[in-house]
Amino acid sequence: MYVERPYPGLACVWQRNTPSAAVGRIVPDGCTDIIYSASSGEVFVAGPDTVGYVTPVRPGALFGVRFGPGVGPSAFGVPAVELRDQRVPLEELWGPSSRLEDALGSADNPCSVLASAAVTRLRETPPEPVVGAIASAVSSSSVGELAWSLGLSTRQLHRRSLTAFGYGPKVLHRVLRFDRAVKLAWAGEPFADIAHRTGYADQAHLSREVRELAGVPLGQLIRP
């Protein structure tokens with residue numbers, strides 16, 4: 001069972017309970033997460049992914065906080081490109097975290113503990129305003145137009161994108177468009193309508209992109 005809920009300053013907090021060993025499919029969404037495993041006590045960061053993959057899921061509960069695209073790296077203190085497709089122990093980024101681990105181990109709601117720590121870090125080192133501008137406009141502008149609107153060269157835009165998102169602007173556009181399409185599919189929208197609403201040329205284009213980024217067709221990806 002997977003449940004997520006909104007949390008001020010973050011994309012969401014979430015919890016997954018798995019009664020027995022299973023496998024899960026992770027797909028790109030442009031986000032970064034801090035994840036706590038109640039069974040092992042591990043706390044780690046999941047960086048922005050470039051492609052989908054299947055991963056084993058141990059029995060037990062996972063608790064996570066999710067930073068929106070471009071937000072997490074400012075809290076971690078490293079460029080997003082260094083976290084891309086990586087799973088990194090949180091202590092490698094924040095230093096020894098025994099207090100946090102102790103608080104998580106004794107908490108009735110570990111998500112609140114993680115969220116409080118994450119929001120505190122964001123208050124100390126908030127992302128640059130340009131990060132939100134890139135995320136908002138990358139899907140509706142060409143790279144040149146976006147760079148011009150932000151007063152950047154295309155090379156500067158590319159470097160800023162790698163630092164904040166882990167991707168260049170073209171890949172970021174693909175990932176964010178894919179994420180919107182998947183969310184609409186989960187909501188029950190017809191695939192042809194999804195392709196039109198999210199800027200794909202047609203349903204065949206949507207299908208190709210989903211296969212490339214998720215590794216499976218859209219219908220299989222959203223199958224319960």
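Fair warning: this is a prediction, and the values are worked out from it, not measured in the lab.
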- prompt: With a 4.5 Å heavy-atom cut-off, do L157 and L146 have their side chains touching?
  reply: yes

statement: When rounded to the nearest 0.5 Å, the distance separating CZ of F44 from CD of Q86 is 13.0 Å

message: Quick one: does any side-chain atom of Q220 pair with a main-chain N or O of P217 as donor and acceptor, under 3.5 Å?
response: no

Same apolar cluster (I L V M F W Y, side chains within < 4.5 Å links), V45/L162: no

- request: Locate the shortest heavy-atom distance separating P73 from A164; write the atom from each residue and the value.
  value: CG-O, 3.3 Å

message: Using only atom types and a distance under 3.5 Å, with no angle test, would you say the side chain of Y36 pairs donor to acceptor with the backbone of V113?
response: no

task: Using modelled atom types only, decide if a donor and an acceptor are shared between the side chain of W94 and the backbone of A75 within a distance under 3.5 Å.
output: yes

- request: Cation-pi check, R121 to F76: give yes when NZ or CZ is under 6.0 Å from the six-membered ring centre and within 45° of the ring axis, no otherwise.
  value: no

message: Between W148 and L152, is there a side-chain heavy-atom distance shorter than 4.5 Å?
response: no

field: Where P48 and T32 come nearest, the two heavy atoms and their spacing
entry: CD-CG2, 3.4 Å

Side-chain donor/acceptor of D29 to backbone N/O of C31, under 3.5 Å: yes

- prompt: Under 3.5 Å, is there a donor-acceptor pair linking the side chains of T55 and R25?
  reply: no

statement: NE2 of H158 to OG1 of T163, rounded to nearest 0.5 Å, is 9.5 Å

message: Using 0.5 Å steps for rounding, measure from the CD atom of Q156 to the OG atom of S161.
response: 11.5 Å

message: Taking A133's backbone N and O only, do any of them form a donor-acceptor pair with S136's side chain (distance below 3.5 Å, no angle check)?
response: no

- prompt: How many angstroms lie between OG in S141 and NE2 in H173, if you round to the nearest 0.5 Å?
  reply: 10.0 Å

- request: Would you indicate whether R58, at its atom CZ, is surrounded by more than 12 heavy atoms from other residues, nucleotides or ligands within a distance under 6.0 Å?
  value: no

message: So Y200 and I194, do their side chains get closer than 4.5 Å, heavy atoms only?
response: no

R84 side chain to G166 backbone, donor-acceptor under 3.5 Å: yes

Minimal non-hydrogen separation, P69 against L176, with atom names: CG-CD2, 3.8 Å

message: Is there a side-chain contact between N17 and Y2 in this structure, where contact means two heavy atoms from C-beta onward sitting under 4.5 Å apart?
response: no

Short side-chain to backbone donor-acceptor contact, D85 and T50, under 3.5 Å: yes

query: Is it the case that one hydrophobic cluster holds both I34 and L10, taking links as side-chain heavy atoms less than 4.5 Å apart, direct or via other members?
result: yes

message: I'd like to know whether NE2 of H205 has more than 12 heavy-atom contacts from other residues, nucleotides or ligands below 6.0 angstrom.
response: yes

- request: Could you walk me through whether Q15 and R5 pass side-chain contact (heavy atoms from CB on, under 4.5 Å), step by step?
  value: CA-CA 9 Å; Q15 179 177 347; R5 57 184 175 85; over 6 Å; no

task: Without swapping roles, check the side chain of T125 against the backbone of S74 for a donor-acceptor pair under 3.5 Å.
output: yes

message: Looking at every non-hydrogen atom in both residues, tell me the closest pair between S20 and P59 and how far apart they are.
response: C-CG, 3.8 Å

Heavy-atom closest contact (Y7 atom, S116 atom, distance): OH-N, 4.3 Å

message: Between V78 and F165, is there shared hydrophobic-cluster membership here, with clusters defined by ILVMFWY side-chain heavy atoms closer than 4.5 Å?
response: no

- prompt: Does the D33 side chain pair with the main chain of I35, one donor and one acceptor, at a distance under 3.5 Å?
  reply: no

- prompt: Is a side-chain donor or acceptor of S40 paired with a backbone partner of E42 at a separation under 3.5 angstrom?
  reply: yes

task: Spell out, yes or no, whether V175 and V216 are grouped together once hydrophobic residues are joined by side-chain heavy atoms under 4.5 Å, including indirect joins.
output: no

- prompt: Closest heavy-atom contact between V27 and A214?
  reply: CG1-CB, 3.9 Å

message: What I'd like to find out is whether the side chain of F63 reaches to under 4.5 Å of the side chain of V13, using heavy atoms alone.
response: no

message: Please check if the number of heavy atoms outside R211 that lie under 6.0 Å from its CZ is greater than 12.
response: no

- request: Decide yes or no for F191 and Q203: does some side-chain heavy atom of the first lie under 4.5 Å from some side-chain heavy atom of the second?
  value: yes

- prompt: In the single-linkage hydrophobic clustering (I, L, V, M, F, W, Y; side-chain heavy atoms under 4.5 Å), do L114 and W14 co-cluster?
  reply: no

- request: Show the numbers, then the answer: is there a side-chain contact (heavy atoms from CB on, under 4.5 Å) between T18 and R16?
  value: CA-CA 6 Å; T18 307; R16 183 186 301 278; 4.0 Å; yes

task: Could you check if a side-chain atom of R155 sits within less than 4.5 angstrom of a side-chain atom of R159, using non-hydrogen atoms only?
output: yes

- prompt: After noting the C-alpha distance and the side-chain angles of D193 and R197, does the key distance pass the salt bridge (charged side-chain N to carboxylate O under 4.0 Å, His left out) rule?
  reply: CA-CA 6 Å; D193 291 349; R197 289 181 60 181; over 6 Å; no

query: If you measure from CD on E212 to CZ on F178, what distance do you get to the nearest 0.5 Å?
result: 11.0 Å

message: Measuring from atom CD of E189 to atom NE2 of H196, what distance do you get when rounded to the nearest 0.5 angstrom?
response: 11.5 Å

- prompt: Heavy atoms, side chains only, cut-off 4.5 Å: are L83 and L93 in contact?
  reply: yes

